[in-house]
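Quick notes on the structure that follows.
Just so it is clear: chains get the letters A, B, ... in the order the sequence lines come, proteins before strands, and each one is counted from 1. On a predicted model such as this, the values are computed, not experimentally measured, just so you know.
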2 protein chains.
Amino acid sequence: MVTLKDIAERLHISITTVSRALAGYSDVSPETIRLVRNTATEMGYVPNSIAQRLQKKVTDTIGVVVPYSAKGYGEPFFSELLAGIGKEASEQGLDLLVAYAKREKELSFYKKLIDGRRVDGFVISRTLCHDERIDYLSSIDFPFASFGMVENKQDFPFVEEDSDYAMACVVDHLAGKGHTRIACIAPPLSVMFSAVRLRAVRKHMELIGLSLPDEMVCIGSFDQKDGYVQAHKLLDLPHPPTAIICFNDSIAFGAINAGKERGLSIGTDLAITGFDDVPMAELYRPPLTTVRQPIADIGSLVTKLLIKAIQEKHPTYRAKADGIEKMQIILCPTLIIRESS
Amino acid sequence: MVTLKDIAERLHISITTVSRALAGYSDVSPETIRLVRNTATEMGYVPNSIAQRLQKKVTDTIGVVVPYSAKGYGEPFFSELLAGIGKEASEQGLDLLVAYAKREKELSFYKKLIDGRRVDGFVISRTLCHDERIDYLSSIDFPFASFGMVENKQDFPFVEEDSDYAMACVVDHLAGKGHTRIACIAPPLSVMFSAVRLRAVRKHMELIGLSLPDEMVCIGSFDQKDGYVQAHKLLDLPHPPTAIICFNDSIAFGAINAGKERGLSIGTDLAITGFDDVPMAELYRPPLTTVRQPIADIGSLVTKLLIKAIQEKHPTYRAKADGIEKMQIILCPTLIIRESS
DNA sequence: GTATACCTCTAAAATGTTTTGGGTTTTTCA
DNA sequence: TGAAAAACCCAAAACATTTTAGAGGTATAC
């Protein structure tokens, strides 16, 4: 492996000059710069990134901790988000370090990566209303950006969707079809997006004169199986709903299956909506009415926010988040109406 | 941040001794070891992994390059595999570096990560019959392990499923239901698994006296949309098939949709089988008959193979692949019969 | 009583880079 | 012609660790 020293010896100049020539400092003559750069490429020089990192006290790496539970790994949500983050990182010349941690060990992974100086910052997703990751990272002033806000804190970089608007669209759409008994299937309300979406649904139903009684709100998990179970519960009620708002697409797929199993015609007898618009939504039968959130693009956006946050600590940071002004971004999602409603 | 030097100064001993005490060398007295370790934890010492890496010439990081095309990111296949790799890596104390590269830039990402000495080895997946990644890595003797073999080379670590057996099961199952006009929808045959599976299907059909004419073999892409298109093509034939073997689950979902659209009853009029058994397979309507490959577990297994390969270069490597003997592993998949056939 | 082995510790080198703080030569301008 | 300024270059320190090679002392063996 060829090093700066090798180049220096070959050209009979100092290592310093080689380093500065490659970096394009103005106190190196244009000739020398040209000469050094040519020899470097000719000799196949590639900087040793580890040595660079040791010296610069920067890792050029961003971290993502993906939680996993025993029952299953990759929810489509995380893989989409990861792809967006990874794409942006790769384009900016940053490495993406992914750690898979059991839920209960999650925070210790953040600590380990920070203490080992292995990442410059984190992308956080699926925030909780009170999120210990965010509390911890803010408390030690370590750079991060998140997809999702939290209940008690506002002064950190995040991307959030306008749930109020999204749910208003969904409720209006269903009410417009004549539905009055509308139910919800939600993940645990400790999860920020779940709490926010439920609040939004309730608010808009009341606004248009509908009520959302407690038995019409089912709290479960994130996945299809749970959507199936919760939908059956709802349909077992003495006055079952005619429309079910599911807080993500996986849940909605499960709910559709439950409805079908009871011989209901999804879209006419029973309306079902999702949230996210994962690729499968369009291709499911019937195709799912849902709220589009371009998750991969959001991943890129959060990454840009993170880069900006890191830059403020390291003004000479290699990656630049051009065109990013605000530290908090609220996206406006769109309702995609398909046959399930 | 506390360093070895800080500990050494506090205890009035040398940096060397601190280092060796923490590492548990036998030429440090038990007392000193105890003292040093206590002070280290008390002071909150965490080794600077970058400095360690520079010295040890090892990164404790494994790399995965995920290809993406313009139209879509995370196929379920990659996210499952990634989860398995990540889980294993995290358990072994290794970092997982994920790069997202456009197909045409894929090889250059490998080179970049190697030249920048950023990973100790790679996990490769979805091999091609002639795979330039494998050619390159073997040629420079850089450690890797793959999910999938290649046509012209046998002496590298890989995990492969027994396609011959799997396809024999599928063909027997369909033939047992009385199907004689059986078709295939396959990804490009330059992809190793696609070529191998097609060969296996053909072989077993001939073995039981059936033929697989050319018009019954559709070559397309990997995704649902393509499955849909190809299935329509097959059903447009003068003598359409009564069973379609899809070479992965996504393709099968698309084929099911195409069949439904024509008013065919999937499972009775038209049998459809998939491959992989992704979580959605069980939950699709109708549930998909498919070949189970535990992709996440395979990810872990390939990672273990990789660790073993790295160990052979660095006998002192931190991660150990215990219980891994062979360098090539052929897994026996199982046919999961559901309602789609 | 001397040689040997052993136990415990350490100074210095090495890893490959960037930065600091000059140093030397050449150019510019009065 | 002399002084100041500019242009170009470099030695050494620093980053935090591990390894090498050996020092100094005590215990063991003959």
Side-chain angles (χ1 to χ4, degrees), chain A residues 1-37 39-40 43-61 93 114-118 120 314-318, chain B residues 1-37 39-40 43-61 93 114-118 120 314-318:
Chain A
M1 290 274 107
V2 20
T3 70
L4 289 184
K5 198 175 161 197
D6 298 328
I7 301 177
E9 279 171 5
R10 164 92 83 99
L11 295 176
H12 301 292
I13 58 178
S14 77
I15 295 177
T16 309
T17 303
V18 176
S19 172
R20 297 181 79 82
L22 291 173
Y25 275 70
S26 62
D27 65 356
V28 182
S29 77
E31 281 163 279
T32 315
I33 289 189
R34 205 169 23 75
L35 183 63
V36 168
R37 290 195 174 159
T39 342
M43 294 175 75
Y45 169 76
V46 181
N48 180 325
S49 51
I50 295 186
Q52 286 181 320
R53 288 169 188 185
L54 180 60
Q55 219 287 338
K56 293 215 219 167
K57 294 165 172 314
V58 153
T59 66
D60 290 326
T61 303
I114 293 170
D115 290 339
R117 299 157 197 83
R118 293 211 276 236
D120 296 333
H314 308 282
T316 63
Y317 204 60
R318 75 182 291 175
Chain B
M1 290 274 105
V2 20
T3 69
L4 289 183
K5 198 176 162 198
D6 298 329
I7 301 177
E9 279 170 4
R10 164 92 86 97
L11 295 176
H12 303 293
I13 58 177
S14 76
I15 295 177
T16 308
T17 303
V18 177
S19 172
R20 297 180 80 82
L22 291 172
Y25 274 70
S26 63
D27 65 356
V28 182
S29 77
E31 282 162 281
T32 316
I33 290 189
R34 205 168 25 74
L35 182 62
V36 167
R37 290 199 175 156
T39 337
M43 294 174 77
Y45 170 75
V46 182
N48 180 325
S49 51
I50 295 186
Q52 286 181 321
R53 288 171 187 185
L54 180 60
Q55 219 284 340
K56 293 213 218 167
K57 297 167 173 311
V58 153
T59 65
D60 290 325
T61 302
I114 293 171
D115 290 340
R117 300 157 196 82
R118 294 211 277 235
D120 297 332
H314 308 282
T316 64
Y317 204 61
R318 74 183 291 173

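- With rounding to whole Å, A:Asn48 atom CG is found 11 Å from C:dT15 atom P.
- Per the geometry, OH belonging to B:Tyr25 stands 14 Å off C1' belonging to D:dA21, to the nearest Å.
- Atom NZ in B:Lys5 sits about 13 Å away from atom P in C:dA11, given to the nearest Å.
- Candidate nucleotides C:dT19, D:dT19, C:dC9 were compared by shortest atom distance to the side chain of B:Thr32, and C:dC9 ranks first.
- Base contact: A:Asp27 has a heavy atom under 4.0 Å from a base atom.
- Side-chain atoms of A:Thr39 come within 3.5 Å of backbone N or O of A:Leu35 as a donor-acceptor pair.
- With rounding to whole Å, A:Lys56 atom NZ is found 20 Å from D:dA14 atom P.
- Atom CG in B:Leu54 sits about 13 Å away from atom C1' in D:dT19, given to the nearest Å.
- Rounded to a whole Å, the CD atom of B:Glu31 is 8 Å from the P atom of C:dC9.
- Counting non-hydrogen atoms under 4.0 angstrom, A:Ile50 reaches nothing in the nucleic acid.
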key: Evaluation steps, salt bridge (Lys or Arg N to Asp or Glu O under 4.0 Å), between B:Arg20 and B:Asp27   = CA-CA 8 Å; B:Arg20 297 180 80 82; B:Asp27 65 356; 3.3 Å; yes
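- Taking atom NZ of residue A:Lys57 and atom P of nucleotide D:dT17, one finds them 10 Å apart after rounding to whole Å.
- Put simply, CG on A:Leu35 is 14 Å from P on D:dC8, counting in whole angstrom units.
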